[in-house]
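Since we're looking at a predicted model, the values are computed, not measured. Order of the sequence lines sets the chain letters (A, B, ...), proteins ahead of strands, with each chain counted from 1.
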Amino acid sequence: MMNNPLILPKSFYLREDVVEIAKDLLGKFLVTNLNGELRKGMIVETEAYSQYDDKACHAYNGKRTKRTETMFLEGGHAYVYLCYGIHHLFNVVTNKADVAEAVLIRAIEPIECCNNNSNGPGKLTKALGINTLHDKSSLIDSSIWIEANEEDKLGDVVASKRIGVDYAGKDANKLWRFYLSESKWVSKK
DNA sequence: TCTACGATCACCT
DNA sequence: GGTGATCGTAGAA
């Protein structure tokens with residue numbers, strides 16, 4: 001994957017507005033190259049999480065643990081963790097080092113070698129072959145990366161409440177989930 | 001050490 | 001619509 005001009009540069013991830021980045025990731029291509037097999041899907045659904053003013057975030061209020069440590073890395077890294085003992089969830093770490101913010105990729109539209117369904121955060125990691133071994137991987141120069149979409153014909157972007165974070169009280173009402181309204185691959189309308 | 005629970009999914013009624 | 005699977009992590013003791 002050397003010198004691919006479409007790969008999003010680190011500066012894309014280092015920006016300080018994680019909500020903005022969550023929106024920008026829609027329509028981009030998430031690509032993995034594992035075991036010599038290239039897999040690619042278009043991102044159609046994302047959610048933003050921030051350590052600031054967001055109880056739903058694992059690193060809320062700057063909480064640093066072995067698991068959340070990844071979110072404190074510099075933007076442009078993968079944050080992968082196990083949920084419900086079964087599902088691997090893939091996030092993109094954003095902002096500068098020591099600021100814990102990330103974007104959860106919730107659904108992709110299969111493009112290459114992802115015949116499996118991928119309309120949910122647990123399913124897309126399975127379709128792409130992502131697991132917790134990829135936690136802390138760089139998204140710039142390793143086997144997982146995100147490419148720009150030169151066509152960039154997105155259609156309508158819809159904002160909604162995030163899924164599965166009711167425990168977060170008022171923060172559960174934040175409109176920090178974004179999806180492409182025309183995509184049939186969105187996990188839930 | 002021990003216990004509780006989750007950024008989900010598939011299958012059941 | 002309701003619920004069980006399943007296990008690493010976090011927090012308590």
Trainee: Scan A:Arg67 against the nucleic acid and name what it touches under 4.0 Å (heavy atoms): base, sugar-phosphate only, or nothing.
Mentor: sugar-phosphate
Trainee: Give A:Leu82 one of three labels, base, sugar-phosphate or nothing, depending on what nucleic acid heavy atoms sit under 4.0 Å from its own.
Mentor: sugar-phosphate
Trainee: Is any side-chain nitrogen or oxygen of A:Tyr167 closer than 4.0 Å to OP1 or OP2 of B:dA7?
Mentor: yes
Trainee: Taking the cut-offs as 6.0 angstrom to the six-membered ring centre and 45 degrees off its axis, would you call A:Arg15 and A:Phe12 a cation-pi pair?
Mentor: yes
Trainee: Find the distance A:Lys188:NZ to C:dG1:C1' and express it as a whole number of Å.
Mentor: 12 Å
Trainee: Quick one: look up who C:dT6 pairs with, Watson-Crick or G-U, both distances under 3.5 Å, and put none if it's unpaired.
Mentor: none
Trainee: Given the C1' atoms of C:dT3 and B:dC5, what is the spacing between them in whole Å?
Mentor: 16 Å
Trainee: Checking base pairs now: Watson-Crick or wobble, both atom distances under 3.5 Å. What partners B:dA7?
Mentor: none
Trainee: Restricting to nitrogen or oxygen on both sides, can you table the protein-nucleotides 11-13 of chain C pairs closer than 3.5 Å?
Mentor:
| from | atom 1 | to | atom 2 | distance (Å) |
| --- | --- | --- | --- | --- |
| C:dG11 | OP1 | A:Lys63 | NZ | 3.1 |

Trainee: Expressed in angstrom and rounded to an integer, what is the separation of A:Tyr81 atom OH from B:dG6 atom C1'?
Mentor: 7 Å
Trainee: Over how many whole Å does the gap from A:Asn91 atom CG to B:dA7 atom C1' extend?
Mentor: 8 Å
Trainee: Using a 4.0 Å heavy-atom cut-off, write out nucleotides 8-13 of chain B from 5' to 3' as B (base contacted by protein), S (sugar-phosphate only) or - (no contact).
Mentor: BSS---
